[in-house]
Number of protein chains: 2
Amino acid sequence: MLKLTKKADYGLIAMRHLTTVYPRSASAKDISDHYGLPAPVLAKILQTLVRGGFLASEHGANGGYRLSRGPELITAFDIVRTIDGPIFLTSCFTENGDCEHHKKCSIRDPLRRIHEGIISLLNKMTMSELAADADPVSGNSPIGMVSSANLTILNRQQL
Amino acid sequence: MLKLTKKADYGLIAMRHLTTVYPRSASAKDISDHYGLPAPVLAKILQTLVRGGFLASEHGANGGYRLSRGPELITAFDIVRTIDGPIFLTSCFTENGDCEHHKKCSIRDPLRRIHEGIISLLNKMTMSELAADADPVSGNSPIGMVSSANLTILNRQQL
DNA sequence: TCAATGTAGGACCTAAACAGTCGGATTTGC
DNA sequence: GCAAATCCGACTGTTTAGGTCCTACATTGA
């Protein structure tokens, strides 16, 4: 279906949130409460991003996650790729080569151009841009009026 | 994982083949033999493309499938969308709107730009272009030296 | 020192989608 | 009439996404 996984969605939402508070940190619970995301899932995603080198974690009380570098140095491609693994437009190409058979499987080369175009698009979108037209997170969150419980239900159905 | 399904791959391969023989037709078996694709699966894909209006079918002996219009009027987006269904970059948007909750889910607008970029890329790739740098199918197919059985095995593992 | 709060990480379960198979009906050319 | 082809629906197995649960470890504040 050519779409991002929910995990990648969650990861982007979390990264955007961390961008808005940068260079401060936020806990997984803060973020999951704020957007109505399932907390354990988000926690795992954040841990993955730590391993990927895009986040730094702070243990203990008042701990949380923080961007490991400036938001202009992290792209949507970084996040999606870290969470979802390598992106293939078609199964015909892997990261380090092509499928061996079908020397003339014929659609490979044209699709490769599209494939590279998509990666380029994702690579141009930095966290700074992702957060650009977003409200600062402080104070009057527009989501504050909806109960967390309702959000969770909506998530299950629609997100 | 942001990739096309095998069915979409198969569909594109078949459409490219039919482009190279256009305006003649080819049977599902011709195509599946030629590329080592599973015949019943391919048949179903072709039927889907008929319903989508991109192929015309000819019943009976010597029947087969034929492009219903010029290859420059059919795009990769048409095919992928017909086979795999609507393309969403993120679950947040459906074809006719956005997810209702998260009025400020915040990553929607930036991702929408990427989403539209991807569709635009796919929409610019016509069947003519897809087939442009391909060998004509006649006579000395470069795949002729590999047995069909081997191809099938390779397909299972790698395609 | 102890409890609260946080990250870290593995095992496990469920539902959905993908990929493919099978059987049968219909149409057409010889 | 027979063979070759499209057509159509139902069915199955496998993978993966999505989510839950449990435990261990680290840090902070009282």
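To find a chain, count down the sequence lines: A is the first, B the second, and so on, and within it residues start at 1.
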### Query
Which nucleotide in the list D:dA10, D:dG18, C:dG20 gets nearest to the side chain of B:K44?
D:dA10
### Summary
Taking C:dA8, D:dG19, C:dT21 as options, the one with an atom nearest any side-chain atom of B:P38 is C:dT21
### Task
Identify the heavy atoms of B:M125 and A:P110 that sit nearest to each other, and give their distance.
CE-O, 3.5 Å
#### Entry: A:S120 side chain to A:N123 side chain, donor-acceptor N/O pair below 3.5 angstrom
no
#### Entry: Nearest-neighbour nucleotide for the B:Y10 side chain, C:dC18, D:dC8, C:dG20 considered
C:dG20
### Task
Looking at every strand, decide which applies to A:A43 at a 4.0 Å heavy-atom threshold: base, sugar-phosphate, or nothing.
nothing
## Note on the structure
Per side chain to side chain contact (heavy atoms under 4.5 Å, CB included), A:L49 is matched among A:D78, A:I74, A:T82 by A:T82
### Query
Which whole-number value in Å describes the distance from A:Q47 CD to C:dG6 P?
14 Å
### Message
Side chain of B:S27 only, heavy atoms from C-beta on: which candidate in D:dT6, D:dG18, C:dG6 is closest?
### Response
D:dT6
### Summary
Picking from D:dC8, C:dG9, D:dG19, the nucleotide nearest the side-chain atoms of A:K6 would be D:dG19
### Summary
Rounded to whole Å, the CZ-P distance (B:R66 to C:dT28) equals 14 Å
### Summary
Here the distance between atom C1' of C:dA8 and atom CG of A:L42, to the nearest Å, is 14 Å
### Query
Could you give the CG-to-C1' distance, from B:L37 to C:dT21, as a whole number of Å?
16 Å
### Task
Look only at the side chain of B:S68 and the backbone of B:G53, and say whether a donor-acceptor pair between them is shorter than 3.5 Å.
yes
#### Entry: Protein-nucleotide distance (A:I45, atom CD1; C:dT7, atom P), rounded to Å
13 Å
### Query
Closest to the B:H59 side chain: D:dG18, D:dC8, C:dT27?
C:dT27
### Query
Picking from D:dT6, C:dG6, D:dG18, which would you name as closest to the side chain of B:Y65?
D:dT6
### Query
How many angstroms lie between atom CZ of A:R16 and atom CD1 of A:I31, to the nearest 0.5 angstrom?
10.5 Å
### Task
Nearest whole angstrom, please: distance from the C1' of D:dC8 to the CG of B:L46.
14 Å
### Task
Find which nucleotide of DNA chain D each of A:N62 and A:P40 is nearest to by heavy atoms, and output the residue with the more 5' nucleotide.
A:P40
### Message
Please determine whether a side-chain nitrogen or oxygen atom of A:R51 lies at a distance below 4.0 Å from atom OP1 or OP2 of C:dA8.
### Response
no
### Query
Given atom CZ of A:R24 and atom P of C:dG6, what is their separation to the nearest angstrom?
16 Å
#### Entry: Nucleotide D:dA5, atom C1' - distance to CD1 of B:I31 in whole Å
13 Å
### Summary
Per nearest nucleotide of DNA chain D, the residue lying toward the 5' end, A:E58 or B:A61, is B:A61
